[in-house]
Peer 1: 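Just dropping this structure here.
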Amino acid sequence: MNHQPKDSLDREIDEVLASIAAEEPRRVNAASVRRAMGGRRAALLPAWLAAAAILIVAIGVVARSRTPAEKAPEVVARSVAAPVAPEARATPSIEPRPAVQPNEPRLLRRSRPRAETAVEPPYEGLPRLVVAAIDVPQPLSTGLLAGESILIPQIEISPLVVSSLPNDHEPKQ
Amino acid sequence: MDCVTDEELVHRAQDGDPAAFDEIVERHKGAVFRAALAALRNREDAEDVTQETFITAYRKLDTFRGESQLRTWLSRIAWNKSMDHRRRGRFRSFLHLDEPDAVELPALQADPERSTLAASVHARVRREIDRLPENLRDTLLLASGGDLDYETIASMLGVREGTIKSRVHEARALLRSSLGDASR
């Protein structure tokens with residue numbers, strides 16, 4: 001191909017630039033924009049609901065996980081200070097008394113500490129039951145008997161002798 | 001609604017008239033699309049950006065004070081979105097997807113041989129445009145769109161108006177040079 005004149009190149013460039021400048025969107029119009037806005041709003045609504053639900057659950061989890069650690073000392077203190085009924089002193093029950101009264105708030109009841117940490121203090125002034133140690137008997141053993149073997153003497157048995165009996169019952173001829 | 005000014009349309013849309021905003025979309029979608037196409041050089045991505053631009057414009061319509069023209073305001077939104085798009089690297093090759101548009105010439109059926117030749121020439125020019133440095137290419141395409149004046153393009157690109165003129169000149173010179181070399 002020969003060297004193209006400048007005018008020709010400029011014309012080609014201008015044509016291409018004009019074709020680019022004449023481009024119009026094919027699928028974007030007022031209706032599509034409105035649809036997209038509506039769709040985005042509808043898509044955002046479940047997202048907000050999901051976010052709110054996650055937030056509520058997260059707050060609940062955090063509140064539950066933080067409560068025992070924060071409330072435990074308070075419960076123990078209440079347990080120590082609680083008066084012990086005289087009956088309880090006289091007849092200590094085996095069942096540990098609940099550290100939290102039934103009419104206490106639900107949150108405190110939930111945060112009741114474990115027995116080994118919170119139940120111990122109320123019994124400090126009570127007489128402890130002393131159970132005498134039981135002597136454990138020697139275990140039964142079946143050792144070998146070192147005696148003579150049991151001998152069974154032979155018994156002499158004389159044969160039975162049957163004397164002939166008078167035959168009274170012979171048939172009569 | 002053709003005789004209604006942009007300013008009046010904006011006021012109506014701000015007052016909640018959906019038909020006014022529809023008219024804004026129809027009136028300016030071409031300019032917004034071309035600004036996005038200049039940046040992204042891909043039709044599909046430019047359409048997406050055009051759609052996003054009008055959604056953003058609808059939400060931010062209360063912030064439009066009329067200090068600039070509505071078309072300029074919308075084009076700025078489109079340009080910023082296109083830059084975000086470009087940074088994310090989501091644009092595809094200009095040549096591969098936009099070449100079919102370039103062959104949509106009126107003489108295609110009348111003289112197939114000549115049309116094919118023209119199409120190949122156009123494709124070559126587009127390829128050379130695509131090879132231009134980014135700042136020259138953006139400027140050339142925005143300036144060639146005819147929707148925005150040099151002052152607006154200069155403020156969109158963050159340069160002086162004189163820079164726009166020199167970039168357009170330089171871009172054309174580079175194209176001529178590369179096309180001339182290629183045709184020898």
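All values derive from a computational prediction rather than experimental measurement. Order of the sequence lines fixes the chain letters, A, B, ..., with proteins taken first and strands second; residue numbering starts at 1 for each chain.
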Peer 1: With side chain to side chain contact (heavy atoms under 4.5 Å, CB included) as the test, would you mind laying out the steps for Y58(B) and V33(A) before giving the verdict?
Peer 2: CA-CA 10 Å; Y58(B) 183 80; V33(A) 171; over 6 Å; no
Peer 1: Let me confirm one number: the OG-NE2 distance from S19(A) to H122(B), rounded to the nearest 0.5 Å.
Peer 2: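 Result: 6.5 Å between the selected atoms.
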Peer 1: Rounded to the nearest 0.5 Å, what separates atom CZ in R126(B) from atom CD1 in I13(A)?
Peer 2: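 Here the interatomic distance stands at 13.5 Å.
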Peer 1: How about Q14(B): does its CD atom have over 12 heavy atoms from other parts shown lying under 6.0 Å from it?
Peer 2: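 Enclosed: over 12 neighbouring heavy atoms sit under 6.0 Å from CD of Q14(B).
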Peer 1: Given E128(B) and V16(A), is the side chain to side chain contact (heavy atoms under 4.5 Å, CB included) satisfied, shown in steps?
Peer 2: CA-CA 11 Å; E128(B) 292 305 324; V16(A) 171; over 6 Å; no
Peer 1: When you measure from the side chain of R34(B) to the backbone N and O of E23(A), does any donor-acceptor pair fall under 3.5 Å?
Peer 2: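 Confirmed, R34(B) side chain pairs with E23(A) backbone.
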Peer 1: Taking the basic N atoms (NZ, or NE/NH1/NH2) and the acidic carboxylate oxygens, is any pair closer than 4.0 Å for R176(B) and E12(A)?
Peer 2: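 Judged by the 4.0 Å cut-off on N to carboxylate O distance, R176(B) and E12(A) do not form a salt bridge.
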Peer 1: Starting at CZ of R27(A), measure out to CZ of R43(B) and round the result to the nearest 0.5 Å.
Peer 2: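 With rounding to 0.5 Å, CZ (R27(A)) is 9.5 Å from CZ (R43(B)).
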Peer 1: For a quick test of reading the model, state the closest non-hydrogen atom pair linking V28(A) to K29(B) and the distance between them.
Peer 2: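 Closest approach of V28(A) to K29(B): O-CD, 3.4 Å.
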Peer 1: Tell me if the CD atom of Q69(B) is crowded by more than 12 foreign heavy atoms within 6.0 Å.
Peer 2: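 No.
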Peer 1: Verify side chain to side chain contact (heavy atoms under 4.5 Å, CB included) between F33(B) and R26(A), making sure each step is shown before the conclusion.
Peer 2: CA-CA 10 Å; F33(B) 174 72; R26(A) 289 174 188 160; over 6 Å; no
Peer 1: Of the non-hydrogen atoms in V25(B) and A30(A), which two are nearest, and what is the gap between them?
Peer 2: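 Taking V25(B) first and A30(A) second, the nearest heavy atoms are CG1-N, 3.6 Å.
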Peer 1: Distance check, rounded to the nearest 0.5 Å: D10(A) atom CG versus L175(B) atom CG?
Peer 2: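 With rounding to 0.5 Å, CG (D10(A)) is 9.5 Å from CG (L175(B)).
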Peer 1: Which atoms of E47(B) are under 4.5 Å from chain A, going by heavy atoms: the side chain, the backbone, both sets, or neither?
Peer 2: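 Both backbone and side chain of E47(B) come within 4.5 Å of chain A.
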Peer 1: Please walk me through it: do R41(B) and I20(A) pass side chain to side chain contact (heavy atoms under 4.5 Å, CB included)?
Peer 2: CA-CA 10 Å; R41(B) 307 185 325 282; I20(A) 293 171; over 6 Å; no
Peer 1: On a heavy-atom basis, which atom in G30(B) and which in P25(A) lie closest, and how many Å separate them?
Peer 2: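 Scanning both residues, the minimum pair turns out to be CA-CD, 4.0 Å.
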Peer 1: Among residues 136-151 of chain B, which ones touch chain A with a heavy-atom distance under 4.5 Å?
Peer 2: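 From residues 136-151 of chain B, the residues near chain A are L140(B), L141(B), S144(B), G145(B).
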